[in-house]
Amino acid sequence: MQVEVLTDEDGLKGAWFAATIIEPSGEDKYLIEYKTLRNDDDTEFLREVIRACNIRPCPPEIIVVDGFKVWDAVDAYYNEGWWVGVIAKVLINSNYEVNFIEYDEKTTFNLADLRPHQDWLNGKWVVP
């Protein structure tokens with residue numbers, strides 16, 4: 001099953017990463033394999049046991065026709081995962097400055113690397 005996984009690892013906290021559930025691993029835990037993160041010697045994709053509360057289905061795609069506006073909540077694809085941010089500035093050529101509030105950092109992204117932020121609440125996707 002294809003999912004996204006929230007990690008507590010230093011430097012990656014708050015990001016969602018694409019993964020595959022391999023098998024159950026105890027009560028409310030699953031062995032997963034990341035689709036983008038590699039092991040320390042870079043020989044294979046990283047596998048890890050994750051609590052069920054840190055696993056969600058992959059969000060449905062929302063087509064963005066007119067781009068984003070300042071203060072829109074987005075997920076930005078950065079460092080192999082999806083990071084929650086807010087549009088701080090609309091730039092030219094479908095580029096946006098995104099503010100990652102948790103890290104007090106701003107980075108520029110193209111529209112192709114952004115998606116509307118969605119929360120998985122009570123078994124349903126919700127757009128804030």
Side-chain angles (χ1 to χ4, degrees):
M1 176 180 206
Q2 305 301 310
V3 295
E4 288 188 345
V5 174
L6 181 67
T7 182
D8 294 334
E9 187 140 344
D10 287 340
L12 302 176
K13 188 176 179 181
W16 290 92
F17 294 88
T20 301
I21 292 177
I22 303 300
E23 62 187 15
S25 182
E27 189 172 324
D28 291 328
K29 293 182 181 179
Y30 295 89
L31 174 65
I32 60 98
E33 181 176 273
Y34 291 98
K35 296 181 104 182
T36 56
L37 299 180
R38 309 282 293 183
N39 63 5
D40 288 336
D41 55 2
D42 200 26
T43 57
E44 57 190 29
F45 288 106
L46 181 64
R47 286 186 172 203
E48 187 171 42
V49 174
I50 298 288
R51 295 183 324 216
C53 64
N54 288 342
I55 299 173
R56 68 182 188 184
C58 296
E61 183 178 1
I62 297 176
I63 304 298
V64 178
V65 177
D66 296 324
F68 293 103
K69 300 181 298 294
V70 172
W71 296 113
D72 281 351
V74 295
D75 294 336
Y77 193 74
Y78 181 64
N79 287 342
E80 309 297 336
W82 291 100
W83 299 76
V84 178
V86 175
I87 299 294
K89 187 185 284 185
V90 177
L91 306 172
I92 61 171
N93 299 325
S94 297
N95 290 308
Y96 299 87
E97 186 175 90
V98 176
N99 185 13
F100 299 111
I101 296 167
E102 186 169 333
Y103 291 96
D104 193 30
E105 180 182 324
K106 290 181 183 174
T107 306
T108 300
F109 293 92
N110 185 269
L111 178 62
D113 294 320
L114 298 173
R115 66 184 187 191
H117 178 70
Q118 301 175 70
D119 290 314
W120 180 247
L121 298 173
N122 301 317
K124 295 181 182 175
W125 286 105
V126 178
V127 178

Step-by-step side chain to side chain contact (heavy atoms under 4.5 Å, CB included) determination, Y96 to K69 = CA-CA 9 Å; Y96 299 87; K69 300 181 298 294; over 6 Å; no
task = Could you go through the side chain to side chain contact (heavy atoms under 4.5 Å, CB included) check for E23 and Y30 one step at a time?
result = CA-CA 6 Å; E23 62 187 15; Y30 295 89; over 6 Å; no
request  = Measure the shortest side-chain to side-chain distance between P59 and H117 over non-hydrogen atoms and say whether it is less than 4.5 angstrom.
outcome  = no
inquiry  = Looking at N95 and I92, would you say the former's side chain and the latter's main chain have a donor-acceptor pair under 3.5 Å?
reply    = yes
query = Sub-3.5 Å donor-acceptor pair from the side chain of T36 to the main-chain atoms of E80, do we have one?
reply = yes
task = For the residue pair W71 and V86, establish whether any side-chain heavy-atom pair is separated by less than 4.5 Å.
result = yes
query = What distance do I55 atom CD1 and I32 atom CD1 have between them, rounded to the nearest 0.5 Å?
reply = 7.0 Å
query = Just wondering, do E97 and N99 contact through their side chains at under 4.5 Å, heavy atoms?
reply = no
message = Do D119 and P128 have side chains that approach each other closer than 4.5 Å (heavy atoms only, starting at C-beta)?
response = yes
inquiry  = In the structure I gave you, are the side-chain heavy atoms of V3 and I21 within less than 4.5 Å of one another anywhere?
reply    = yes
query = Do you know which two heavy atoms are closest between L12 and F17, and how far apart they sit?
reply = CD2-CZ, 3.9 Å
request  = Quick one: list whatever passes salt bridge (charged side-chain N to carboxylate O under 4.0 Å, His left out) with R115, sequence neighbours left out.
outcome  = E4, D75
query = Heavy atoms, side chains only, cut-off 4.5 Å: are V74 and V98 in contact?
reply = yes
ask   = Does the gap between the ring centers of W83 and Y77 come in under 6.0 Å?
value = no
Close side-chain approach of F45 to L37, heavy-atom, < 4.5 Å = no
ask   = Any chance the side chains of N39 and D41 put a donor and an acceptor closer than 3.5 Å?
value = yes
task = Measure from the side-chain N and O atoms of D113 to the backbone N and O of N110, and report whether any donor-acceptor pair falls under 3.5 Å.
result = no
task = Using distance alone, with no hydrogens and no angle criterion, decide if T20 and E33 have a side-chain donor and acceptor under 3.5 Å apart.
result = no
ask   = Are F109 and Y78 close enough that their ring centers fall under 6.0 Å?
value = yes
ask   = Is any side-chain heavy atom of F100 less than 4.5 Å from a side-chain heavy atom of V84?
value = no
Audit row: F68, L114, side chain to side chain contact (heavy atoms under 4.5 Å, CB included) steps and yes/no = CA-CA 9 Å; F68 293 103; L114 298 173; 3.8 Å; yes
query = Shared ILVMFWY cluster between I87 and L91, side chains joined below 4.5 angstrom?
reply = no
request  = Would you verify whether the NZ or CZ of R47 falls within 45 degrees of the ring axis of Y34 while also being under 6.0 Å from that six-membered ring's centre?
outcome  = no
